[in-house]
Amino acid sequence: MKTRVTLTVNGQVHDVEIAPHYLLSDVLRDVVGLTATHVGCEQGVCGACTVLVDDRPARACLTFAIQMEGHEITTLEGLRDDPVTQALQQAFHERHALQCGFCTPGFLVTLSAWLKEATDPTPAAVRDLLTGNLCRCTGYQNIVEAVLSVAATECGR
Amino acid sequence: MTRDIPDGYVGRPMLRREDGRLLQGRGRYVDDIRMPGVRHAAFVRSPHAHARIVSIDVRAALELAGVHAVVTGADLVGEVADAVVSPPIPGLVPTRFEVLPTRKIRFQGDLVACVIADDRYLAEEAAERVEVEYEILPAVTDMFVALADDAPKVDDRLASNRVVHRVHTHGRPDDQERDAAFVVETEFHQQRQSHVPLETRGCIASWDQGREHLTLVTGSQVPHPLRTQLVRRMGLRDGQVTVESPDVGGSFGQKIALYREELIICALARRLGTPIRWNEDRLENLQASCHAREQWCRTRIMADADGRILALTLDIVEDFGAYCFYPANYIAEVVGIILTGQYRVDHYRYDLTVALTNKCGVGPMRAPMAIASWVMDGTLDALARESGLDPIEIRRRNMLSAAQLPYDMPGGETLLDVNIDETMEAALEHIGHARLRADADTLHGCGICNVVESTTYGSRFYKNSGIGGSGHEAARIIVEPDGTVTGSVGLAASGHGYETAFAQVVGDGLGVSPDGVAIRLGHTDAAPYGMGSRGGRGGTAGGGALYECARMGQEHLLHIAAHMLGLNTARNLRMIDGRVEKLVDGAWRHAGVGIADIARLAYFDPLALPEGTRPGLEFYRTFDPPPMTFSNSTHACRVVIDRHTGQLTITDYVVVENCGAVINPLIVRGQQIGAVAMGISGTVLENMVYDAAGQNLSSTLGDYAIATACDIPMIRIHEKATPGSRTPLGLKGMAEGGVMGAIGAVANAVNDALAPLGVRASRLPLSPVYLHGLIHGHAISQH
């Protein structure tokens, strides 16, 4: 049985017909058509599906889409003009902080929110934060260096 | 063959062109591809490890609106051929299995039925409605138990679960014992692991009834060999199938085999006439895709009073799981072949045994031979402890010098182009000599592991080893009518950065800027037939093929240019960044002609070409690498173990590596760090656990732990590169040695730390529970 739900994604309102058990990750990808949010485990562990719900990181695979009425959802597509995200993307590029790229959107979304609030982004703090996002390619070293380089600049503060 | 172009693009740390789309979330992975009218598949899987299928009732599933088909094994008999693995290798038992079991399932997660429905949610709901009656059989989950005479048989067609027994002997190892001052036996047990690419498996198959053509979109490392398997199993011709591998979210060896799921989806797309997609979930990926690495090794080393090796023997037993997707000898065989590395060993034997068990099937995982370096250097460390000799001194005394290379290894390959004698001394300098003492709370250890990494296997290796098949790679380069360039090669990328690195190779080979070179990969219609991405072959086999193809292309372009310039020879011409240059009075000067001018002639004004030159500018070239190329490295690390908790911390990690000439140092560095991280993760964390009944206890990423950012230390990497002597550009290949070295360095460091207590860790993972048990003298099972 499907029901009509109003979702606000990246500032746009979408009226969608979905079943109550549909995951937010699936609805974003298959109904709204935004595929930057990746599904790596559906177990809440890998972090590839991280989106912002009211500006805070959340696992889209552990969230029912029907719960999201009245909330603002932001995906990586919605951070296109965000200066912190842009700085992260540039730093990831320059420091080779991605290989296959599948986990990358989840890292960027998590980090964009964190860098706006972090007061003392030390290497240990960055690594601690990133335990919520799994990467199987890079060994994390270049990701940590990229984050620290952004944190050291004005827009990361 | 070396590059003779000044200031070439090969060797530059160019930023990756792949990054732009991936950083924007605009990659095109299988699940991002939309296809109108597509239907979705879900599989019914066995909850038992070993059982006969008594009956399957699909009626309740078919009653759901939107369910189009529920297919069991009986429905596919005659439509899809069995998988047959029977290369003529002495000691290897031929095996075959059905695409969908009709009588018996062999592991928890094995396939029972496939549901096709309007969407994935519905397909899963219908799958739960399929009623299966099983007759449960005793399961065998331990490879040593599986080898016993009275063990339950995993494959009823076979005489036993022993699918491989092979012995290779060089010299007379047993005769050396009477002269040996020391004889030391050492055991090594590597646990079952899995690849865990962040993107699971998945595919979209569609059948064009009008053209009778199948298109399979799937993340694959080997599109052409996959197509070959697909046409054989489905009774099609090569030209009737297109395999496309789009962006791939990691593979690590998991995306090589033609899996039964993909084949079923293809067969059903053909039967139903609608496109079908399947996306594996993580539960399926951990339970039923492909596992790896479960091996037990025992070495016996005989040495004289100075620690010089007189003889070495290796027994290796491997658990291959329930199905053979590969010749079951091949992973263990490579361990036996390369074990001795850069050490001189005159008398040697390896003895391989491979067993089937009621667990998920096994395949190669990044560095299939990963255990080898730990086994070799761990054996030398054990000899050092037994003899009282210094472990580094033992390594030095047995090390082959540059003057002794090439060296016919006792495993049968010829070792050359390696310099562990240099990388080891450099690594010792970098890790430092400080000797930290154990105290009441902590144990300290330092570990060294020398790695000889077999990177690129040529056809000669496959022929010699009896495996069969080819090691060649193929490249096609098209200079397009506008003067831009399209290069393709039979590889498929999953994070390798090929689009960037190969543009550099083509840039140098052809004499153009990489900016104007597009690299197309992972598509059987776009790329020539090649053997795909596996091992460390991509750079050497693929890059080598592209480079030679590009050189051939440049020669042709300059032949045309000479004619355009009114010269009767191209001898004093070269192409740089798409411009033809002419040697005048010892200096290269722009000749006023460029690649776009040549292309215009070749495509649109062919009568202006030199006599006998045909229109068009397409070039094709294959390259078969030497039998085996080698890279080498030394890994050194320091560890601290908390005596109270058994917690292991890696406090410093150094690699000194020789992986030959490097196309793109930025990409190579990323691969090196990533390989070490995967090795550390496997050494300290990962563990695919089955209980005695064959239930997989590691089916979520919460249970099957892979390394997070806090588990991997800062890795310091230094180079001591020498070029490969038998490959284009001096390339050697890399990206697996890091796994090998990490296992050995960390395990050897832990055993250095444990040495004062008189105990030794022989099993992975080096978990806190295991180490605590060793420290306090009470072994706690990890299982």
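So you know, we letter chains A, B, ... as the sequences are listed, proteins then strands, and number each from 1. Note: hydrogens, waters and symmetry copies are ignored here, and every other heavy atom, side chains too, is used.
Side-chain contact check for B/M714 versus A/E145: some heavy-atom pair is nearer than 4.5 Å. Residues B/D31 and A/V39 form no side-chain contact, since every pair of their non-hydrogen atoms from C-beta on lies 4.5 Å or further apart. Residues B/R16 and A/L98 have side chains in contact (heavy-atom distance under 4.5 Å, counting atoms from C-beta outward).
Nearest heavy atom pair, residue B/Y121 against residue A/L23, reads OH-N, 2.8 Å. Looking at every heavy atom in both residues, A/E42 comes nearest to B/D281 through OE1-CB, 3.6 Å. Minimum heavy-atom separation, A/Q43 to B/T700: OE1-CA, 3.2 Å. Residues A/Q89 and B/L23 share a closest heavy-atom pair of NE2-O, 2.8 Å. Contact detail for A/H38 and B/D32: the closest heavy-atom pair is NE2-OD2, 4.2 Å. The nearest pair of heavy atoms linking A/C103 to B/L198 is CB-CG, 4.3 Å.
Looking at B/S681, the atoms closer than 4.5 Å to chain A (heavy atoms on both sides) all sit in the side chain, from C-beta outward. Using a 4.5 Å cut-off between heavy atoms, B/H195 contacts chain A through its backbone alone, with no side-chain atom that close. For B/S699, the part lying under 4.5 angstrom from a heavy atom of chain A is the backbone only.
Between the CD atom in B/Q24 and the OG1 atom in A/T104 there is a gap of 12.0 Å [rounded to 0.5 Å]. To the nearest 0.5 Å, atom SG of residue A/C135 and atom CD1 of residue B/I706 are 8.5 Å apart. Here the CZ-CD distance, from A/R136 to B/E199, works out to 15.0 Å after rounding to the nearest 0.5 Å. Interatomic distance, B/L15 CG to A/H93 NE2, rounded to the nearest 0.5 Å: 4.0 Å. The distance from the OH atom of B/Y704 to the SG atom of A/C41 is 15.0 Å, given to the nearest 0.5 Å. Put simply, OG1 on A/T35 and CZ on B/R34 are 6.5 Å apart, with the number rounded to the nearest 0.5 Å.
Around the CD atom of A/Q67, the shell of radius 6.0 Å holds more than 12 heavy atoms that belong to other residues, nucleotides or ligands. Under a cut-off of 6.0 angstrom, the local environment of CZ in A/R4 is crowded, with over 12 non-hydrogen atoms contributed by other residues, nucleotides or ligands. With a 6.0 Å radius and a threshold of 12 heavy atoms from other residues, nucleotides or ligands, A/E69 has its CD atom above the threshold.
Using modelled atom types, no side-chain atom of A/R127 and backbone atom of B/C710 make a donor-acceptor pair closer than 3.5 Å. The backbone N or O of B/G670 sits less than 3.5 Å from a side-chain atom of A/Q99, completing a donor-acceptor pair.
Taking the six-membered ring where the residue is Trp, A/F102 and B/Y29 present perpendicular rings, their angle passing 60° and hence far from 30°.
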